[in-house]
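Atoms within a ligand are numbered from 1 in the order they appear, just like the ligands themselves.
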Amino acid sequence: MPTAMPRSMVAGNWKMNTTLAEAVQLAAGVRDGVAALNGLAGVDVVLCPPHISLQAVAEAVKGSAVKVGAQNMHYEASGAFTGEVSPAMVQGMCDYVILGHSERRQLFGETDDLVNRKVKAAFEYGIKPIFCVGETLEQRESGRASEIIGGQVRAGLDGVGDISGLVVAYEPVWAIGTGQAATPEVAAEIMGGALRDALGSLFGPAAAAIPLLYGGSVNAGNVESFAAQDSIHGSLVGGASLQAEPFLEIARLTAQAKASL
Ligand code: 13P
């Protein structure tokens, strides 16, 4: 028997955008918009600002339904790691942390092993990982998308026991920031297939409760078609999360699509 349906989520990954003042303004806009929509029952709204704005954004959304996530973190609690930010530092400022984003993997050389350490550290500190996987265009075109996704899931979540709070995002690299979103069918094929299978083989029936997000050129014009898929529980939004209105519209359309399933 499958366990409870995963909750829906719309998370905004602001990447390396927004100054402190812009971050606070954007967070306040989303907070007020979510409140005006009566909290968007059933859809968790998460904002992931740059580290330097985490505290201020956490303050801005305090007491509202909006949650905060970090975009990355180191796995050690402290030490000689110039420029890094530790789980102990972000703990208390955020509920979530994005880990294994393809930009971290591709531009900053993060390996499956490093991502795995970070995921374990997040659980240790009670921070919920939004664990990202995704294949490149070359990997997809050579017919290896499923194999790559399965491999990233097994390696990144190796040794993880308690999965409560875990969120997994499928972000095909070729769809990120390109304006070329995957079709809902292509996304659902992976998310209801190789991704679900890999999670199931690691965690058994409990895996059915893990929310799966699609990411890659999500906007207010295409989000409904993703949210209409049973195997897709929400989205991880980059560019379209940098302004309150389109992001709120994405959250509203997700709630509407999920309510009518
Ligand atoms: P875009 O929505 O800008 O394509 O970015 C997706 C993403 O990488 C979110 O983590």
> Is ligand 1 less than 4.0 angstrom away from at least one heavy atom of Gly177?
Replying inline: yes

> What are the two closest heavy atoms between Leu26 and Leu242, and how far apart are they?
Replying inline: CD2-O, 3.7 Å

> What part of Asn13, side chain from CB on, backbone N/CA/C/O, both or neither, has a heavy atom under 4.0 Å from ligand 1?
Replying inline: side chain

> Hey, does the side chain of Ser86 reach the backbone of Ala77 with a donor-acceptor pair shorter than 3.5 angstrom?
Replying inline: yes

>> To check your reading of the model: name the closest protein heavy atom to atom 9 (C) of ligand 1, its residue, and the distance in Å.
In response: Glu171 OE2, 2.9 Å

> For ligand 1, is there an atom lying under 4.0 Å from some heavy atom of Gly216?
Replying inline: yes

>> salt bridge (Lys or Arg N to Asp or Glu O under 4.0 Å) for Asp113 and Arg117? Distances and angles first, verdict last.
In response: CA-CA 6 Å; Asp113 177 60; Arg117 288 175 194 229; 3.4 Å; yes

> Which residue holds the protein heavy atom closest to atom 2 (O) of ligand 1, what is that atom called, and what is the gap in Å?
Replying inline: Gly238 N, 2.9 Å

>> Can you report which non-hydrogen protein atom sits closest to atom 3 (O) of ligand 1, along with the distance?
In response: Gly239 N, 2.9 Å

>> Go through it in stages, so that I can follow the logic: the residues are Ile176 and Lys15, the test is side chain to side chain contact (heavy atoms under 4.5 Å, CB included), and I'd like the CA-CA distance, side-chain angles, deciding distance and then a yes or no.
In response: CA-CA 12 Å; Ile176 296 177; Lys15 306 192 180 184; 3.5 Å; yes

> Which heavy atom in Gly134 sits nearest to a heavy atom in Val173, and how many Å separate them?
Replying inline: O-CG2, 4.1 Å

> Looking at Asp112 and Ala155, what are the two nearest heavy atoms and their distance?
Replying inline: CB-CB, 3.5 Å

> Who gets closest to atom 10 (O) of ligand 1 by heavy atom: Gln71, His101, Lys15?
Replying inline: His101

